[in-house]
Amino acid sequence: MSAARLAVDPLAAARRLLGATLSCRGVDATIVEVEAYGGVPDGPWPDPAAHSYRGPTARNAVMFGPPGRLYTYRSYGMHICANVVCGPDGTAAAVLLRAAVIAGGQELVRVRRGVAVPDVALARGPGNLCSALGITMEDNGIDLFDPSSPVRLRLGGPLAAQAGPRVGVSQAADRPWRLWAPRTPEVSAYRRSPRAPAPGASD
DNA sequence: CACCCGATGGTCT
DNA sequence: GACCATCGGGTGG
């Protein structure tokens with residue numbers, strides 16, 4: 001069972017997901033940018049920026065379940081973002097999929113994303129990635145390693161990784177839990193949250 | 001390039 | 001009623 005390789009801390013899981021292949025509804029994509037997220041204050045990886053920080057709710061329930069499942073959520077009322085749940089069952093943690101290189105099914109991606117979008121931007125950014133692969137809220141909670149699932153994950157050889165602060169979070173803004181493949185134009189640009197304290201402040 | 005801002009709706013206080 | 005794990009189009013240098 002490949003999901004067992006994700007039953008680790010979120011940063012280690014993030015490293016294993018860089019270079020992995022995500023397949024969904026006719027499209028194959030190589031993951032090139034991810035962000036690690038932890039859990040509750042008294043858990044092993046307390047993370048004020050994580051959806052799971054304040055305990056289980058209807059939205060984040062999947063994060064507390066077994067590793068290898070897909071956790072999707074709606075962002076700013078209009079975009080879908082996708083995570084891979086990691087850590088052991090019962091412990092909240094997940095890795096946000098931020099960008100990918102389209103390796104197959106590019107024609108389908110063009111239909112979903114539009115003809116004007118440059119190749120490198122087809123799955124750049126978490127909302128765009130889900131749009132490109134056709135991932136919706138219907139997919140929340142599915143097992144990424146079940147052959148019958150519409151969204152599948154294949155772990156590959158880990159890629160070289162560069163690390164830096166996470167994009168868009170106002171809490172724990174400087175924690176270097178964003179990983180990306182160096183010199184890869186498909187990786188999204190860094191944007192600090194306008195609500196985050198000045199760089200250098202503590203977690 | 002660098003900001004800046006509006007769209008838009010679920011979730012949680 | 002505030003707060004977003006975003007995006008793309010606008011403005012100005």
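Predicted, not measured: the structure shown is a model, and the values here were computed from it. Lettering of chains follows the sequences in order, A, B, ..., and the numbering in each one begins at 1.
- Comparing B/dT8, C/dT6, B/dC12 against the side chain of A/Thr57 picks out B/dC12 as the nearest.
- Candidate nucleotides C/dC7, B/dT8, B/dT13 were compared by shortest atom distance to the side chain of A/Arg54, and B/dT13 ranks first.
- For the pair A/Arg192 CZ and B/dA2 P, the computed distance is 16 Å after rounding to whole Å.
- Annotation: side chain of A/Ile80 is in contact with side chain of A/Arg74 (closest heavy-atom distance under 4.5 Å).
- For A/Arg192, the salt bridge (Lys or Arg N to Asp or Glu O under 4.0 Å) partners two or more places apart in sequence, or in a different chain, are A/Asp174.
- Inter-residue side-chain proximity for A/Leu11 and A/Trp45 is flagged as unmet; no heavy-atom pair is nearer than 4.5 Å.
- Across C/dA5, C/dT6, C/dG8, the shortest atom-to-atom separation from the side chain of A/Asn83 is found for C/dA5.
- Of all nucleotides present, none satisfies the Watson-Crick or G-U wobble test against C/dA5 with each distance under 3.5 Å.
- Nucleotide B/dT8 is matched to nothing when pairs are restricted to Watson-Crick or G-U wobble geometry with both distances under 3.5 angstrom.
- Within the 4.0 angstrom heavy-atom criterion, no nucleotide atom of any strand lies near A/Ser193.
- Where A/Arg191 and A/Asn60 meet DNA chain B, the nucleotide closest to each residue was compared, and A/Arg191 sits on the side nearer the 5' end.
- Atoms OH (A/Tyr73) and C1' (C/dC4) sit 9 Å apart, rounded to a whole Å.
- Comparing A/Val117 and A/Ala94 by the nucleotide of DNA chain C whose heavy atom lies nearest to each, the residue mapping closer to the 5' end is A/Ala94.
- Of the residues near DNA chain B, A/His79 and A/Met137, the one whose nearest nucleotide (by heavy atom distance) lies more toward the 5' end is A/His79.
- Separating the CG atom of A/Leu96 from the C1' atom of C/dC7 is a distance of 14 Å, rounded to the nearest angstrom.
- A salt bridge (Lys or Arg N to Asp or Glu O under 4.0 Å) with A/Glu33 is found for exactly one of A/Arg124, A/Arg178, A/Arg166, namely A/Arg178.
- In this entry the distance linking CD1 of A/Ile135 with P of C/dA5 reads 19 Å, nearest Å.
- When the nucleotides C/dA5, C/dC4, C/dC7 are ranked by their closest atom to the side chain of A/Tyr71, C/dA5 comes out on top.
- Straight-line distance from the CZ atom of A/Arg98 to the P atom of C/dA5: 11 Å, rounded to whole Å.
- Protein atom CZ of A/Arg166 is 13 Å distant from nucleotide atom P of C/dC4, rounded to whole Å.
- Going from atom CZ of A/Arg124 over to atom C1' of C/dG8 covers 12 Å, rounded to whole Å.
- When distances are taken from the side chain of A/Arg113 to each of C/dC4, C/dA5, C/dG8, the shortest belongs to C/dG8.
- Under the 4.0 Å criterion applied to side-chain N and carboxylate O atoms, A/Asp119 and A/Arg110 are assigned as salt-bridge partners.
- Put simply, OH on A/Tyr190 is 15 Å from C1' on C/dT6, counting in whole angstrom units.
- Phosphate contact (OP1/OP2 of C/dC4, side-chain N/O of A/Ser170, threshold under 4.0 Å): present.
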